[in-house]
Colleague: 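I'd like to ask you about the structure that follows.
The chain is numbered in sequence order, starting from 1.
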Amino acid sequence: MLRAGGKRLLGIGFVRQVAASPAAAATATATAARSYHERVVDHYNNPRNVGAFDKKDPTVGTGLVGAPACGDVMKLQIKVDENTGKIVDACFKTFGCGSAIASSSVATEWVKGKKIEEVLSIKNTAIANHLSLPPVKLHCSMLAEDAIKAAVKDYEKKRDKLGQNKEPALDTAEKAANA
């Protein structure tokens, strides 16, 4: 039901209900295609890495962020190899518009295989540019950036509790912000 509602929002599937002729259908499809970039539509229709990890796992960091203005809520999780410090897997669950889902999907793809310090340098502007998000949808890419930072902070907090982190969580975040 959510997917059907989202498709109506994106203009996908709406063509069949409105268009009486093939010419009208082609016009409606072209209009819908101009509304969102093909990457947004692709990541919305075929989201990558949807799912969840056990949040109690010490190798998993969970970031839960939301935008009260629009109601989007994003949960992004990372799984880190403790020996290498690289993110070996990532997943997300997002309740929101197509742009929020696409931003989450892109973020999980981009963090895989990178070290913690590297993912903290991923900026919302890079996600927004990659998806060609319009200005009114920039908050979706901001949520993705915030979710990445929150997941890293959660992971490092768990490591600190277990006494495994040689570097305090704030130092890593501060280094990335100053870079």
Colleague: Are V106 and M74 connected in a single hydrophobic cluster, I mean Ile/Leu/Val/Met/Phe/Trp/Tyr linked by side-chain heavy atoms less than 4.5 Å apart?
Modeller: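 Unlinked, M74 and V106 end up in two clusters.
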Colleague: Just how far is it from atom NZ of K157 to atom OG1 of T62, taken to the nearest 0.5 Å?
Modeller: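 The OG1 atom of T62 is 11.5 Å from NZ of K157, to the nearest 0.5 Å.
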Colleague: Between I116 and W110, is there shared hydrophobic-cluster membership here, with clusters defined by ILVMFWY side-chain heavy atoms closer than 4.5 Å?
Modeller: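 Linked, I116 and W110 end up in one cluster.
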Colleague: Is there a side chain to side chain contact (heavy atoms under 4.5 Å, CB included) between S103 and L143? Walk through the geometry before answering.
Modeller: CA-CA 8 Å; S103 294; L143 279 178; over 6 Å; no
Colleague: For the residue pair G51 and K93, what are the closest heavy atoms and their distance?
Modeller: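 Of all heavy-atom pairs spanning G51 and K93, the closest is O-CG, 3.5 Å.
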Colleague: When you measure from the side chain of K115 to the backbone of T84, do you find a donor-acceptor pair of N or O atoms at a distance under 3.5 Å?
Modeller: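 A pair under 3.5 Å: yes.
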Colleague: If you apply the rule side chain to side chain contact (heavy atoms under 4.5 Å, CB included), what do you find for K79 with I87, and how did you get there?
Modeller: CA-CA 6 Å; K79 185 173 271 203; I87 296 171; 5.9 Å; no
Colleague: Provide the closest heavy-atom pair for L76 versus S104 in the form atom of the first, atom of the second, distance.
Modeller: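 Looking at all heavy atoms of both residues, the shortest contact is CD1-O, 4.4 Å.
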Colleague: Would V111 and V88 show up in the same hydrophobic cluster when neighbours are defined by side-chain heavy atoms closer than 4.5 Å?
Modeller: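 In one cluster: no.
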Colleague: Do other residues, nucleotides or ligands put more than 12 heavy atoms under 6.0 Å from the NZ atom of K86?
Modeller: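 Counting other residues, nucleotides and ligands, NZ of K86 stays at 12 neighbours or fewer.
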Colleague: Taking C-beta and beyond as the side chain, do F53 and D89 meet within less than 4.5 Å on heavy atoms?
Modeller: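 Contact flag for F53/D89 side chains = yes.
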Colleague: Minimum heavy-atom separation for C97 and C140, please, with both atom names.
Modeller: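 Shortest heavy-atom contact: SG-SG, 3.6 Å.
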Colleague: Is there a side chain to side chain contact (heavy atoms under 4.5 Å, CB included) between K55 and Q77? Walk through the geometry before answering.
Modeller: CA-CA 8 Å; K55 65 180 182 180; Q77 293 181 297; 4.1 Å; yes
Colleague: Is the closest side-chain heavy-atom distance between F92 and P47 below 4.5 Å?
Modeller: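 F92 vs P47: side chains touch.
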Colleague: Taking all heavy atoms of V119 and all of V152, pick out the closest pair and write down the distance.
Modeller: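 Shortest heavy-atom separation between V119 and V152 comes out as CG2-CG2, 3.8 Å.
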Colleague: Are the charged groups of R48 and D42 less than 4.0 angstrom apart, N to O?
Modeller: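 Salt bridge between R48 and D42, a charged N being under 4.0 Å from a carboxylate O: yes.
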Colleague: When rounded to the nearest 0.5 angstrom, what distance separates NE2 in H139 from CG in D146?
Modeller: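 So the gap between those two atoms works out to 12.0 Å.
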Colleague: For the CG atom of N129 and the CZ atom of R39, what is their distance to the nearest 0.5 Å?
Modeller: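 N129 atom CG to R39 atom CZ measures 10.0 Å (nearest 0.5 Å).
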Colleague: Indicate yes or no: at least one non-hydrogen side-chain atom of T94 is less than 4.5 angstrom from one of K75.
Modeller: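 Counting from C-beta outward, T94 and K75 never come under 4.5 Å.
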Colleague: Between atom NE2 of H43 and atom CG of N49, what is the distance when rounded to the nearest 0.5 Å?
Modeller: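 It is 10.0 Å, given to the nearest 0.5 Å.
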Colleague: Which distance, rounded to the nearest 0.5 Å, do you find between the OH of Y44 and the CG of L131?
Modeller: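 These two atoms lie 14.5 Å from each other.
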Colleague: Keeping the roles fixed (side chain from K158, backbone from V60), state whether a donor-acceptor pair exists under 3.5 Å.
Modeller: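 Pair found, side chain donor or acceptor close to backbone of V60.
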Colleague: If we ignore hydrogens and angles and just use 3.5 Å, is the side chain of D154 paired with the main-chain N or O of A150 as donor and acceptor?
Modeller: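 No, the answer is negative, given that no donor and acceptor are paired below the 3.5 Å cut-off.
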Colleague: Over all heavy atoms of both residues, which pair between E145 and N124 is shortest? Give the atoms and the distance, please.
Modeller: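 Distance-wise, the nearest heavy atoms are OE1-N, 2.8 Å.
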Colleague: Testing the basics here: between A147 and V65, what is the closest heavy-atom pair and its distance to 0.1 Å?
Modeller: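 Heavy-atom minimum between the residues: CB-CG2, 3.8 Å.
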Colleague: If only atom types and distance count, is the side chain of S105 paired as donor or acceptor with the main-chain N or O of I101 below 3.5 Å?
Modeller: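 No, because the side chain of S105 does not come within donor-acceptor range (under 3.5 Å) of the backbone of I101.
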Colleague: I'd like to know whether I122 forms a side chain to side chain contact (heavy atoms under 4.5 Å, CB included) with I127, so could you lay out the CA-CA distance, the side-chain angles of the two residues, the decisive distance to 0.1 Å, and finally the verdict.
Modeller: CA-CA 8 Å; I122 295 174; I127 295 169; 4.1 Å; yes
